Colleague: 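Handing you a structure now.
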Amino acid sequence: MRVRFPLPAPAHLRTDGCKANVPDDHPIFRDNPITGSVELRTGSAPTPYHVRDGEALLIFGDVAGDAVGAMIEGEDVHLVETRSGRVAAGMIMADFRDASMGPHHELQFFVLVADQPGASIGALPLALPIAMASPGYATLCFKLWNDADAVLAYNNDYLGLNASPADFRLFEQQTDRSISFSITGTGNAPILRGAFASRKRTRASAMWEMLKIAGWRRLMALGRARYTEGAVVNRRSAVMPNNRKAPIFTDAGNNVARHWDNATDRLEIGGEEIVGLDFAPRALQHLWPFRFVYRHPDDRA
């Protein structure tokens, strides 16, 4: 039996080293085919949004509750706290090498939100990715960066997200075990940079931690699913004046999940939108090949 452990708002954790499915034949795209298009300032774009092949790094952690609360005042969402009293949050950086909008890069900083007030998750580092793959939770897209004009137009003008331009250098091999990343904004202003130690597989200790968090029945249900379902919530804007859930579907051929290690991993935050939130990394997840579908809130499967 192949066991696939749940990813956050993206993908499954495969531990068998099997070759990835052929992208065009993957159920994530069969179940969510491109069926239309939307007219943007940059021209016509296909919908829904597909990523057929990519690589992603997710960093999970928490932020200061007072700081993030003040910065999203007026948003109709319920922040999710950890057992330590901080707010669950994270970031996703990705190199989308084969996508319906063409090759591009992305960095998203998010906070975890819930359908009901007062929700909390446990203190274990891998509690956040489990929650992100569970009903009743979603990620609020706090801030987004891309490096392609058409993608910026798609995210801002169609999906109602707050995307800004940036330059990316992701997944550059520094040594046999270290992979670096760097994202800069306008005027070469630093947004994010760092490095992480690459590993071939998820250790048994991380698997047992996820089992402890999710429980056997929930974990097996996620493992049997053909891909992971989640949701992203937009911040209010003129394009989308209400906070709404957009369904997302994700999968990955390889997925390594582990705790953050200050001895081997490094993270420096420079982006003014997030630097004041006091983000503390707790865990990470490395995925490849990464497959992804993002549907508009009105575009249901």
Side-chain angles (χ1 to χ4, degrees), residues 8-10 56-94 105-114 117-132 137-146 155-156 160-168 170 181-196 230-237 243 259-262 265-285:
L57 175 69
L58 299 96
I59 302 176
F60 309 107
D62 48 60
V63 294
D66 291 345
V68 70
M71 294 182 73
I72 62 167
E73 186 175 356
E75 307 285 354
D76 188 20
V77 297
H78 305 294
L79 297 174
V80 177
E81 292 188 351
T82 67
R83 291 277 172 82
S84 65
R86 287 164 61 87
V87 170
M91 57 189 72
I92 304 169
M93 63 190 79
H105 298 85
E106 180 164 298
L107 169 65
Q108 180 189 154
F109 189 88
F110 65 85
V111 293
L112 187 67
V113 297
S120 65
I121 61 174
L124 293 173
L126 292 169
L128 176 52
I130 296 294
M132 291 169 67
Y137 295 94
T139 56
L140 176 72
C141 182
F142 189 88
K143 182 60 186 175
L144 187 67
W145 292 267
N146 298 108
N155 284 333
N156 285 328
L161 304 177
N162 51 336
S164 298
D167 293 319
F168 291 77
L170 302 183
F181 52 86
S182 175
I183 301 102
T184 56
T186 304
N188 207 34
I191 297 172
L192 196 73
R193 67 179 180 180
F196 67 101
V232 175
V233 176
N234 60 283
R235 295 182 68 175
R236 288 178 169 179
S237 68
N243 302 118
H259 288 186
W260 183 266
D261 186 346
N262 286 325
D265 308 321
R266 178 173 53 86
L267 178 66
E268 298 175 23
I269 298 174
E272 61 181 15
E273 298 92 342
I274 54 176
V275 69
L277 297 179
D278 187 30
F279 177 77
R282 308 295 183 190
L284 63 80
Q285 210 155 23

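The analysis underlying the following values was restricted to heavy atoms, covering all of them including side chains, and did not include hydrogens, waters or symmetry mates. For clarity, every value in this text was computed on a predicted model and none was experimentally measured.
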Colleague: What do the steps show when you test Lys143 against Leu107 for side chain to side chain contact (heavy atoms under 4.5 Å, CB included), and what is the final call?
Modeller: CA-CA 8 Å; Lys143 182 60 186 175; Leu107 169 65; over 6 Å; no
Colleague: Measuring from atom CD1 of Ile92 to atom CG of Leu58, what distance do you get when rounded to the nearest 0.5 angstrom?
Modeller: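 Here the rounded value is 4.5 Å.
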Colleague: For the atom pair CD (Gln108) and CG (Leu144), what is the distance rounded to the nearest 0.5 Å?
Modeller: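 Rounded to the nearest 0.5 Å, the CD-CG separation comes out at 6.0 Å.
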Colleague: What's the spacing between Phe196 CZ and Trp260 CH2 if we round to 0.5 Å?
Modeller: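 One finds 9.0 Å between CZ of Phe196 and CH2 of Trp260.
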Colleague: Taking all non-hydrogen atoms of both residues into account, name the closest pair between Ala127 and Gly122 and its distance.
Modeller: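 Smallest heavy-atom distance, with atoms named: CB-O, 3.8 Å.
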Colleague: Please give me the minimum heavy-atom distance between Tyr137 and Ser120, naming the atom from each residue.
Modeller: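 Heavy atoms only, the tightest pair is OH-O, 3.8 Å.
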Colleague: Where is the tightest heavy-atom contact between Asn146 and Ala163, given as atom of each residue plus distance?
Modeller: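 The answer is OD1-CB, 3.8 Å.
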Colleague: Verify, without hydrogens or angle tests, whether Asn234 (side chain) and Cys141 (backbone) share a donor-acceptor contact under 3.5 angstrom.
Modeller: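 No.
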Colleague: For Ala166, give me all partners under side chain to side chain contact (heavy atoms under 4.5 Å, CB included), at least two apart in sequence or on another chain.
Modeller: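 Checked Ala166 against side chain to side chain contact (heavy atoms under 4.5 Å, CB included); matches are Trp145, Phe168, Ile183, Ile191.
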Colleague: Which residue in the set Ile121, Thr82, Leu79 passes side chain to side chain contact (heavy atoms under 4.5 Å, CB included) when paired with Leu112?
Modeller: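 One option only clears the test, and that one is Ile121.
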Colleague: Distance-only check: which donor-acceptor pairs under 3.5 Å involve side-chain atoms of residues 64-76, not counting sequence neighbours?
Modeller:
residue	atom	partner	partner atom	Å
Glu75	OE1	Arg236	N	3.0
Glu75	OE1	Asn243	ND2	2.8
Glu75	OE2	Arg235	NE	3.4

Colleague: Nearest 0.5 angstrom please: His259 NE2 to Phe60 CZ, how far?
Modeller: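 With rounding to 0.5 Å, NE2 (His259) is 11.5 Å from CZ (Phe60).
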Colleague: Determine the minimum heavy-atom distance between Gly160 and Ser237, stating which atoms define it.
Modeller: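 That would be O-OG, 3.9 Å.
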Colleague: What is the minimum heavy-atom distance between Ala89 and Val63, and which atoms define it?
Modeller: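 For Ala89 and Val63, the tightest heavy-atom pair comes out as CB-CG1, 3.8 Å.
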Colleague: Quick check: do Pro129 and Gln285 have side-chain heavy atoms less than 4.5 Å from each other?
Modeller: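 In short, these two side chains touch, coming nearer than 4.5 Å.
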Colleague: How many angstroms lie between atom CD1 of Ile59 and atom CE of Met91, to the nearest 0.5 angstrom?
Modeller: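 Ile59 atom CD1 to Met91 atom CE measures 5.5 Å (nearest 0.5 Å).
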Colleague: Determine the minimum heavy-atom distance between Ile130 and Leu126, stating which atoms define it.
Modeller: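 Minimum heavy-atom contact is CG1-O, 3.4 Å.
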Colleague: To the nearest 0.5 angstrom, please state how far the OG atom of Ser164 sits from the CG atom of Asn155.
Modeller: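 Nearest 0.5 Å value for the OG-CG distance: 10.5 Å.
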Colleague: Let me check something: any side-chain donor-acceptor pairs from residues 271-282 under 3.5 Å, sequence neighbours excluded? List them with distances.
Modeller:
residue	atom	partner	partner atom	Å
Asp278	OD2	Arg86	NH1	3.1
Arg282	NE	Asp62	OD2	2.9
Arg282	NH2	Asp62	OD1	3.3
Arg282	NH2	Asp62	OD2	3.4

Colleague: Could you check whether any side-chain heavy atom of Asp265 comes within less than 4.5 Å of a side-chain heavy atom of Leu267, counting everything from C-beta outward?
Modeller: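 With C-beta onward as the side chain, the pair stays apart.
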